[in-house]
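Lettering follows sequence order; numbering is per chain, from 1. Keep in mind that the numbers below use all heavy atoms, side chains included, and drop hydrogens, waters and symmetry copies.
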There are 2 protein chains.
Amino acid sequence: MATEISNVGDPARSVATLWGTRRLPRRGPRHSLTTAQVVDAAVEIADGDQDLDRLSMRRVAQALGVGTMSLYTYIASRDDLLDAMLDSVHGEAVERLGEPDHATWQDGLRSVARAGWDLHMRHRWVMQVFTGRPPLGPHSIAKYERELGVVEGIGLTDVEMDAVITLVHDHVEGVARRRVEADRAVRRTGIGDEEWWRAAGPELEAVLDPAAFPIATRVGEAAGRAHRAGQNPEHAYEFGLDRLIQGIEALIHRRA
Amino acid sequence: MATEISNVGDPARSVATLWGTRRLPRRGPRHSLTTAQVVDAAVEIADGDQDLDRLSMRRVAQALGVGTMSLYTYIASRDDLLDAMLDSVHGEAVERLGEPDHATWQDGLRSVARAGWDLHMRHRWVMQVFTGRPPLGPHSIAKYERELGVVEGIGLTDVEMDAVITLVHDHVEGVARRRVEADRAVRRTGIGDEEWWRAAGPELEAVLDPAAFPIATRVGEAAGRAHRAGQNPEHAYEFGLDRLIQGIEALIHRRA
DNA sequence: CCATACACCGTACGATGTACCAAGTATTTC
DNA sequence: GAAATACTTGGTACATCGTACGGTGTATGG
């Protein structure tokens, strides 16, 4: 009738979970866990897997030595768990960002990018979490504050400051995703890069006319060589970051 | 959250499927379908859903009026199907890219970005497909060739040409992903943006001290206003693209 | 003509997230 | 002290997923 019973996806509860401000009940049995314990266990499993696909509520419960359904006392759903995991590792990233003592905003942006890169490398599942709503946990907000700090007062509007941070994130996340996803494919299939090309190469050669795609063939081979030499993520990361910074410099100089 | 890894089976077969070069058997019953029909049906369903989560083999089979397991005659796995879907819509994107008749490489990059944006808006699931291996379908390669064409001969190395195209893709995909993922959250929860903030807002205000995060609060509110005014994806898209282009210009000018 | 090689697809298996409910426990109220 | 209350715990169950397996029927090559 008038009221909706399901508390699934209740925004207020999700926010309260993130901030650890859910009221503790005064009656009933003692809690055998905390939300933080659940989140930490999940992070540990995801770190080990380097993947979110195999992170199941059952495995988290098993790791904690409780029944699967007991987790739902501490977290409303798997989606909420993912949000909480993200906020948790963002806290770590803020610590590693350190004090904002950069001589220039360029240095600041480089350290923002580096912190993002480290985050993705230490927790190789964060690029798999998609939050439909802005992440409003304490650590995510703290991270955002720190990041915005490096572009404060350099001549950008508020909306542009947000856009710059987002731009850096998208670049770093893209490079990290390609790196991690490639590893994941190798791990999942048990087929290494070299073996994969040995198997797919002949088929491709039989079917692809290099003359029809001259640039793609040439550039693809160059990129492949760089990849095999292990210099691809590094170069892509640095090259992209340099372009972003120079693009922002151009805007600021034009305005000055 | 939704991360789908594709490309996990027999490499040679996967490539052959993409190129439509699998040999047809000479004995046995007639085929009632083609691989292309399966792929088209899957694309249609994913387009309708604007999501890959609910794309199941059962639904594809039902749409085609065949048994679920019959699909496996034409496609090795769901992952291979995702790869084939991606290559299929890349073909569409190449058509829409049109002839490479741009006066400047800047215009060229803008049209590459625009084509990418259109692709993500017309098929709001492509950002959910993660290929662990490079996508080697005919249309993906054709798209790559066209894209590289706009930065050919402007003073970049081969590896840099690849990096530039990737940079533009990551930016466009990031903006598109945020846009689509927000819609998806609304659709999945049945809770609109406004309603969500009405529910989560009080909890957040009770817990977040604006003085502790002054820049985040100010910038977040500005970004929120822009978002509500519907100008956020547009602005982020244009702003980011401008920065990228100017960053590349800076590199080229320095070398000239 | 029939052995062969295949297409079709029903059934089954091991996963998943989580709804529901019975049973047990601590606190509050009388 | 007893009863009512408000919890936690976690077993069971359900819908849904990708796909392995194998039976059945069909077109073709020898």
Side-chain angles (χ1 to χ4, degrees), chain A residues 4-10 13-14 17 22-35 37-38 42 45-46 49 51-85 128-129 188-189, chain B residues 1-10 13-14 22-35 37-38 42 45-46 49 51-85 128-129 188-189:
Chain A
E4 181 58 50
I5 342 156
S6 171
N7 64 346
V8 162
D10 168 26
R13 168 162 184 190
S14 297
T17 299
R22 271 185 70 216
R23 63 102 188 58
L24 291 176
R26 315 212 54 84
R27 302 192 200 182
R30 294 272 154 71
H31 293 75
S32 59
L33 295 175
T34 62
T35 299
Q37 275 182 284
V38 175
I45 291 173
D49 286 0
D51 200 336
L52 239 40
D53 281 7
R54 310 206 68 78
L55 179 82
S56 69
M57 300 303 275
R58 276 166 244 256
R59 275 181 77 202
V60 175
Q62 225 149 37
L64 290 164
V66 301
T68 305
M69 294 312 291
S70 299
L71 299 182
Y72 289 90
T73 297
Y74 304 97
I75 209 102
S77 66
R78 185 175 186 272
D79 280 346
D80 268 21
L81 176 58
L82 296 184
D83 282 353
M85 290 167 67
Q128 295 182 286
V129 182
R188 281 245 202 142
T189 60
Chain B
M1 97 83 222
T3 297
E4 320 253 357
I5 301 197
S6 51
N7 233 330
V8 288
D10 166 34
R13 168 161 184 191
S14 297
R22 276 185 67 216
R23 64 106 185 56
L24 291 176
R26 317 212 53 84
R27 304 194 197 178
R30 294 272 152 71
H31 294 74
S32 58
L33 294 174
T34 62
T35 299
Q37 276 181 285
V38 175
I45 290 173
D49 286 0
D51 200 336
L52 239 43
D53 281 5
R54 311 206 67 78
L55 179 82
S56 69
M57 301 302 275
R58 275 166 245 255
R59 277 182 74 201
V60 175
Q62 224 150 37
L64 290 165
V66 301
T68 304
M69 294 311 293
S70 299
L71 299 182
Y72 289 90
T73 298
Y74 304 97
I75 210 100
S77 66
R78 184 176 185 271
D79 283 340
D80 268 21
L81 175 58
L82 296 184
D83 279 356
M85 289 168 67
Q128 295 182 286
V129 182
R188 290 217 295 191
T189 61

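What separates CG of A/Leu71 from P of C/dA19 is a distance of 13 Å, to the nearest Å. Atom CZ in B/Arg54 sits about 7 Å away from atom P in D/dC17, given to the nearest Å. For A/Leu55 and C/dA15, the CG to C1' distance is 14 Å, given to the nearest whole Å. In this entry the distance linking NE2 of A/His31 with P of D/dG10 reads 13 Å, nearest Å. If you measure from atom CD of A/Gln37 to atom P of D/dT9, you get 11 Å, rounded to the nearest angstrom. Taking atom CG on B/Asp53 and atom C1' on D/dC17, their separation rounds to 12 Å, with Å as the unit. Distance A/Ile75 CD1 to C/dG17 P: 14 Å, rounded to the nearest Å.
A sub-4.0 Å separation between OP1 or OP2 of D/dG18 and a side-chain N or O of B/Ser77 is absent. Contact between the side-chain N/O atoms of B/Tyr74 and the OP1/OP2 oxygens of C/dC8 is found at a separation under 4.0 Å. When the side-chain nitrogen and oxygen atoms of B/Ser70 are compared with OP1 and OP2 of C/dC9, one or more of them lie within a distance under 4.0 Å.
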Check the interface with nucleotides 27-29 of chain C: list each N/O to N/O pair with the protein under 3.5 Å, or write none.
from   : atom 1 : to      : atom 2 : distance (Å)
C/dT27 : OP1    : A/Arg30 : NH2    : 3.4
C/dT27 : O3'    : A/Arg26 : O      : 3.3

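Closest heavy-atom contact between A/Asp51 and A/Gln128: OD1-NE2, 3.3 Å. Closest approach of B/Leu64 and B/Val38 over heavy atoms only: CD1-CA, 3.9 Å. Contact detail for B/Met57 and B/Leu81: the closest heavy-atom pair is SD-CD2, 4.1 Å.
Looking only at distances, no side-chain donor or acceptor of A/Arg54 sits under 3.5 Å from a matching main-chain atom of A/Ala46. At least one donor-acceptor pair under 3.5 Å links the side chain of B/Thr35 to the backbone N or O of B/Tyr74. Formation of a donor-acceptor pair under 3.5 Å by the A/Arg58 side chain with backbone atoms of A/Gly67 is not found in this model. Judged purely by atom type and a 3.5 angstrom limit, A/Thr17 uses its side chain to pair as donor or acceptor with the backbone of A/Arg13. Side-chain atoms of B/Ser14 come within 3.5 Å of backbone N or O of B/Asp10 as a donor-acceptor pair.
Annotation: proximity of residues 56-69 of chain A to DNA chain D (heavy atom, distance under 4.0 Å) is found for A/Val66, A/Gly67, A/Met69, numbered in ascending order.
A salt bridge between B/Arg59 and B/Asp49 is present, with a side-chain N of the basic residue lying under 4.0 Å from a carboxylate O of the acidic one.
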